[in-house]
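Chain letters run A, B, ... following the sequence lines, proteins first, then strands; residues in each count from 1.
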Protein chains: 2
Amino acid sequence: METVHISAKADYGMRALLELTAVYLENPKQLVKGDAISTAQGIPVKFLEGILRQLRQSGIVASQRGAEGGYRLDRSPSEVSIADVVRALDGPLAAVRGQRPEDVDYAGPSEHLKEVWVAVRAAMRDVLEHITLADVAANDLPAPVTRLLDEPGAWQRRKP
Amino acid sequence: METVHISAKADYGMRALLELTAVYLENPKQLVKGDAISTAQGIPVKFLEGILRQLRQSGIVASQRGAEGGYRLDRSPSEVSIADVVRALDGPLAAVRGQRPEDVDYAGPSEHLKEVWVAVRAAMRDVLEHITLADVAANDLPAPVTRLLDEPGAWQRRKP
DNA sequence: ATGTTTCCCATCAACTTACTAGGAAATACC
DNA sequence: GGTATTTCCTAGTAAGTTGATGGGAAACAT
């Protein structure tokens, strides 16, 4: 229903990865069990399992089965952007009626509407591709992003 | 499925409004029939009808019934932002698992994830609230927006 | 009156989302 | 070798959303 929707999958995925990030910064090889992540973040276990599998298939997470098994980051948290995570879990960042913004075509007075949607996608990329797991874990977001957060009204919802 | 999705409703709505904008610039009181918009933009008539009704209820469009009836903009196109249109048709711009970004709460290493989602919403607002129907009709987007479009790769999709 | 055009309600198929169930496969420890 | 553990994989499912369509009632011009 909403134009920008962070799905449960993307939200849970980010939270799981931030748990793994915290552990990674202590010891990059340390494995964490799915169950531990699940209880730490209150994520349904079997649902989380599927999310972590997708993240492994995208090369973000590594896993080991069996007793003493678990998950860990497969790349440094400073090399995993939020866009990477969202794309791994939810597919392409932006779509217009199910198509890529650059693929839609307009006639007459709507001729330049495409530019608008491409700009929307570019704005989204500018945020999501420049924030890494390490940035969020350290609460040290890139300057252009903190500038967005300092804008008046950024934390308030628009009227009704 | 996609994080940013411009729905058929929003896309059709924008196109309908741009048709109305073109007419408005000639004569602000001129009415346009739903059927004319429908054929000009290839939008299913009855679907469009519902969209225009929503836009009227939001005070963006005015309408008149009966022979010689139709639709027109109820405000100057330079005073209708794309955010207005999208909110009228699809509700709030951004949500995290169905909630407003400022309402979600995180524990442990995810503590600062909220800032990320709020920044995402702010970035979206910065684009959608500053582009008006008049801007799109005249192909004269605000400078910060054209700057987004000039970034290398803005028009290309990411790898796979 | 009559034709036109918007308004409003109800319905519908296809799809997506957020999960859940059950078991197979790998690994560690005894 | 056997057992317990933990991830991997496939399938299914209830609820909700999306993108429409249909049938008439209400307003308006002639």
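- Atom NZ of Lys9(B) is separated from atom P of dT18(D) by 7 Å (rounded to the nearest Å).
- Gln41(A) is linked by a side-chain hydrogen bond (donor to acceptor under 3.5 Å, both in side chains) to Arg15(A), Glu19(A), Ser110(B), counting only residues two or more places apart in sequence or in another chain.
- From the 5' end on, the contacts that DNA chain C makes with chain B at under 4.0 Å to a non-hydrogen atom open and close at dG3(C) to dT17(C).
- If you take CG on Leu55(B) and OH on Tyr71(B), they are separated by 10.0 Å, rounding to the nearest 0.5 Å.
- Not counting sequence neighbours, the partners of Lys9(A) by the side-chain hydrogen bond (donor to acceptor under 3.5 Å, both in side chains) test are Gln54(A).
- Contacts between residues 24-31 of chain B and DNA chain C, counted as heavy-atom distances below 4.0 Å, involve no residue at all.
- Side-chain contact between Thr21(A) and Leu133(A) is present, with heavy atoms from C-beta onward closer than 4.5 Å.
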Note to self: Can you build the contact string for nucleotides 3-13 of chain D? Use B for base contact, S for sugar-phosphate-only contact, and - for no protein heavy atom under 4.0 Å.
What the structure shows: --BBBBBB---

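- The distance from atom CD1 of Ile82(B) to atom OG1 of Thr3(A), rounded to the nearest 0.5 Å, is 11.0 Å.
- Legend: residues meeting side chain to side chain contact (heavy atoms under 4.5 Å, CB included) with Ala95(B), ordered by chain and number and at least two apart, are Glu2(A), His5(A).
- To the nearest 0.5 angstrom, Ile131(A) atom CD1 is 9.5 Å from Leu113(B) atom CG.
- Residue Glu26(A) places its CD atom among 12 or fewer non-hydrogen atoms of other residues, nucleotides or ligands, all under 6.0 Å distant.
- Checked by atom type, the side-chain pair Asp11(B)/Tyr106(A) shows a donor-acceptor distance below 3.5 Å.
- The salt bridge (Lys or Arg N to Asp or Glu O under 4.0 Å) search around Arg53(A) returns none, not counting sequence neighbours.
- Between His130(A) and Asp135(A), the closest heavy-atom pair is O-OD2, 3.6 Å.
- Within the model, atoms OH of Tyr24(A) and OG of Ser78(A) stand 7.5 Å from one another, a figure rounded to the nearest 0.5 Å.
- Contacts with DNA chain C (heavy atom under 4.0 Å) in residues 86-104 of chain B: none are found.
- For Lys46(A), the salt bridge (Lys or Arg N to Asp or Glu O under 4.0 Å) test picks out Glu49(A), with sequence neighbours left out.
- With sequence neighbours left out, Asp126(A) forms a salt bridge (Lys or Arg N to Asp or Glu O under 4.0 Å) with no residue at all.
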Dump every N/O contact between nucleotides 14-17 of chain D and the protein below 3.5 Å, one line per pair.
none

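- Qualifying salt bridge (Lys or Arg N to Asp or Glu O under 4.0 Å) partners for Arg75(A), counting only residues two or more places apart in sequence or in other chains: Asp84(A).
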